[in-house]
Amino acid sequence: MAGRRLPAWGLGAAGVATLLVVVELAPRLGIVDARFLPPTSQILGALADRLGTGEFWVALGQTLTTWFTGLAISVVAGVVLGMIIGSVPLLRAVTASTVEFLRPVPSVALIPVAILLYGTGMASTLLLVIYASFWQVLVQVLSGAADVDPVASDTARSYRFSPLTRIRTLVWPTTAPYAMTGLRLAASVALILTVTGELLIGTPGIGKLLGVAQSSGAVASMYAYVVVAGLLGVVVNAVARGLESRVLFWHPSVRGERAA
Amino acid sequence: MTGAARTRTGTGTGTGTAVRTTAGRVLRQVLLAVGLPAVVVAVWWVLSAGSTSYFNPPLSVIVGTFGDTWFSTPFDQSRFVQDVVPSVLRLLAGYAVALVVGVVLGVAIGSSRAFRAYAEPVLEFFRAIPPPVLVPILMLFLGIGTSMKIVVIATGCLWPILLNTVEGVRGLDPVLRDTARAYRLGRVATVRHLMLRGASPQIVTGARQALSIGIILMVISEMFAAKDGLGFSIVQFQRSFAIPEMWSGVILLGVVGVLLSLAFRAVTDAALGWYLGYRQSQHGGV
Amino acid sequence: MSSTTSPASTAAGPSGGARLVVRNLRKVYTGRGEPVEAIADLTFEIRPGELVCVVGPSGAGKTTLLRCVAGLMPATSGELVLGGSAITGPPQGMAVVLQEYGRSLFPWLTVAENVELPLKEKGVGKARRAELVGETLAAVGLGDVTGSYPWQLSGGMQQRVAIARAAAYEPQVLLMDEPFAAVDAQTRFELEDLVRTLWKRLGITVVFVTHDIDEAIYLGERVLVLSARPTVVLEDVVVGLGAERDQLETRGHAEFARLRTHVYELVQQAKAGVRSLADAHLTHPGAAT
């Protein structure tokens, strides 16, 4: 009922405003220690301050580069491998257990290995990013390839389509929607792992600046970087979601899934 | 899919009579499941056998170290009991907290349109924050003890569970809602029989995402500062250049991840038995 | 709208039903944009134990009326009284069967559990619940699929489950919103007879909304013909077909044909925008029982 008086975006804005006010007042009223949680105004001040430095923009660029590179590699690898494995039943059967085993292996387990192999450079973080987001794409593409209409598949076989034609005209159109979903999931996972890698390994980027702020006790700056990381995540989510629904608006299975 | 695979290899092997029997089929399934992992391990074993590289010790050495590293005697003094068990317990504690809070809040938010519109942008923001970033913040408040680690895990796991529950409750069929109201189902019964059951597919999806985030946070919370734990041990090994031990830890961590996801699936498959059949009937059995 | 005594109402058996009074009901939807007046002014009364069908052109606010009576939606103004008390929310002793049978059954509960859940909530004891569930499912011919899930059944069978759930609830009034619109013709005949049988056995008040004129006449003791929106009652037609109905005989009856023609004409007039009987141009003689 209240939604009728105030539109949804108004309520949402009120929600954001509430958060800002609570974070402003809680430390000022002594509900939480201001050394641990500075008021909104200070966090935003630190953020504005950071935005004025070249260091910040370089770091942002580095984070986005790592994110994009890792995402691109895992999407290409996931789509190619997924279509090959998915369209050959024997390959699928043979690899199923391996995929199921490797997928839940936590990517952070690779951090020590990555540091040993690549030091603290971008390659270390990339390894984490690719490992984590690759599975998101692969698993989606595999279920897409399994979804190919058996009748169409038989038709293609009876007309002796070459494997390449078969993939182009049959497997890919069915798989594309799934690949888009995989891309959306992978995009946010890749961002999480990028920042994590920067924070833990020390690869240059926003995460590293956050780590530096933490160890130097610049609490307001630290929160400012957390805000940046969160906003970055919101933007990545929104863009990926928009891209997905723009490409897939026609696809009934995806629409149905969303409604369900 | 398995049917196609069967005919193919059936003609390919063609060794005769036994192939069509049940025993033969089971054997084939086992071979398919174990075949590739066995090959991978074998290749790793052979390629690394003569390795003198400091960073890539022979697999035989890693495996040899495994038992000594984690299951030394006496058992209650072993790293498994001293490090792995506390890690997993912290994970389970944080995960349980996130599950309860996430589902309760999710049902509350999901069942009120206004509340949902109010909270959604803020929730989306919190979900988008990379969870490991929480560690430095919570360290300020809670120090580096057990409670910090549990809270880190709980806060990281909360968002996917919460948002998926909201989504699940929101997506409940209005006809079903009307039916529940018309038959005067009370508050408790509506939550229990309608909302929780109806949203369970989404809750499970969220809980699955949360589990992998939880494992990551279990490790990461120990990497910053800790005195025990699986993640702590692995980092210690790495920093002290005990490379085979480090590899054994990485492998153990992988095994823990796989075991937890298997346990998760066993629990949720039972709860979602109806959903698979329902989906199939809705999609015309594709 | 004066309501004459229907010849069949006395034959309705022991009256376990409740009286439903609708007086000056008005419903205006105020969503985004222009407010839409769905129901202008509806007044009618349904006696305890009566089976009344509601027909009208599509978009005549039939479903709106039913949702208001069911207490699922507040009326803008007017009075809704069931068994002496005003309807403000879903009233006690009321059961509903909706058109979307597939979506009104809980997919995570078995057939028996679906029937049992409202009883549990009503506080019926365990032994009595088992008895009611068994009885009603047997009565609708589903005694052998009690352990199945609804989605494993055909559409007609799913709607039987919904009917069994309503019957087991032992309501005083049963509301049915185009319950057979989505089942095939043969199943439909069977289900219509099932409704008549249950109604006679339980002696409850039944409000049956449908867009099918034949169905309305075959089932009802009275047929309320609604105008197009904003809705008013165009005519309250008494169906003098007796208590015993038979798919072949009743439908072949001269009176059935006469009523069918009459209601058909009324609905056509309603579609053309006619809002009162006086304005209607009927080429065939009206109801003259």
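Note that the structure is predicted; figures quoted are calculated from it, not measured. A, B, ... follow the sequence lines: proteins, then strands. Residue 1 opens every chain.
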Go through A:Val113 and B:Met246 one step at a time and tell me if the side-chain contact (heavy atoms from CB on, under 4.5 Å) criterion holds. CA-CA 8 Å; A:Val113 180; B:Met246 181 202 85; 3.8 Å; yes
Using the rule given for side-chain contact (heavy atoms from CB on, under 4.5 Å), can you reason through A:Leu19 versus B:Phe126, listing the C-alpha separation, both sets of side-chain angles and the distance that settles it, and then say yes or no? CA-CA 11 Å; A:Leu19 178 71; B:Phe126 278 115; 4.1 Å; yes
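Listed by chain and number, the residues in a side-chain hydrogen bond (donor to acceptor under 3.5 Å, both in side chains) with B:Asp269 amount to none (sequence neighbours excluded).
Only the side chain of B:Ser261 has a heavy atom closer than 4.5 Å to any heavy atom of chain A. Interface remark: A:Leu199 contributes side-chain atoms only to the contact with chain B (heavy atom separation under 4.5 Å). Looking at A:Val16, both its backbone and its side chain come within 4.5 Å of chain B, counting heavy atoms on both sides. Contact of A:Ser188 with chain B is not made at all, since no heavy-atom distance falls under 4.5 Å. Neither the backbone nor the side chain of A:Leu102 comes within less than 4.5 Å of any heavy atom of chain B. Residue B:Leu230: no heavy atom, backbone or side chain, is found under 4.5 Å from chain A. Of the two parts of A:Val189, neither the backbone nor the side chain holds a non-hydrogen atom closer than 4.5 Å to a non-hydrogen atom of chain B. In this structure, no portion of A:Leu232 lies under 4.5 Å from any heavy atom of chain B. Of the two parts of A:Ala229, the backbone and the side chain both hold a non-hydrogen atom closer than 4.5 Å to a non-hydrogen atom of chain B. With a 4.5 angstrom heavy-atom cutoff, A:Tyr225 does not touch chain B via any of its atoms. In this structure, no portion of B:Met218 lies under 4.5 Å from any heavy atom of chain A. Of the two parts of B:Arg265, only the side chain, counted from C-beta on, holds a non-hydrogen atom closer than 4.5 Å to a non-hydrogen atom of chain A.
For the pair A:Val234/B:Arg127, no side-chain contact is recorded, criterion being any heavy-atom separation below 4.5 Å from C-beta on. A 4.5 Å side-chain heavy-atom check between B:Tyr118 and A:Thr18 finds at least one atom pair inside the cut-off.
Among residue pairs with one or both ends in residues 242-256 of chain B, those qualifying as side-chain hydrogen bond (donor to acceptor under 3.5 Å, both in side chains) are B:Trp70-B:Ser248; sequence neighbours excluded.
Here the shortest heavy-atom pairing between B:Val250 and A:Ala109 reads CG2-O, 3.4 Å. Annotation for B:Leu32 and A:Ser97: closest pair O-OG, 4.2 Å, computed over non-hydrogen atoms. When every heavy atom of B:Gly254 is checked against every heavy atom of A:Pro106, the shortest pair comes out as CA-CD, 4.3 Å.
Expressed to the nearest 0.5 Å, how far CZ of A:Phe36 lies from CG of B:Leu142 amounts to 9.0 Å.
By a heavy-atom distance cut of under 4.5 Å, A:Leu210, A:Gln214 are the residues of residues 209-217 of chain A near chain B, going up by number.
Counting heavy-atom pairs closer than 4.5 Å to chain B, the top residue among A:Ala238, A:Gly230, A:Gly233 is A:Gly230.
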Pair up each side-chain donor or acceptor in residues 235-242 of chain B with any protein partner under 3.5 Å, not counting sequence neighbours, and list the distances.
| from | atom 1 | to | atom 2 | distance (Å) |
| --- | --- | --- | --- | --- |
| B:Ser240 | OG | B:Gln236 | O | 2.7 |
| B:Ser240 | OG | B:Phe237 | O | 3.4 |

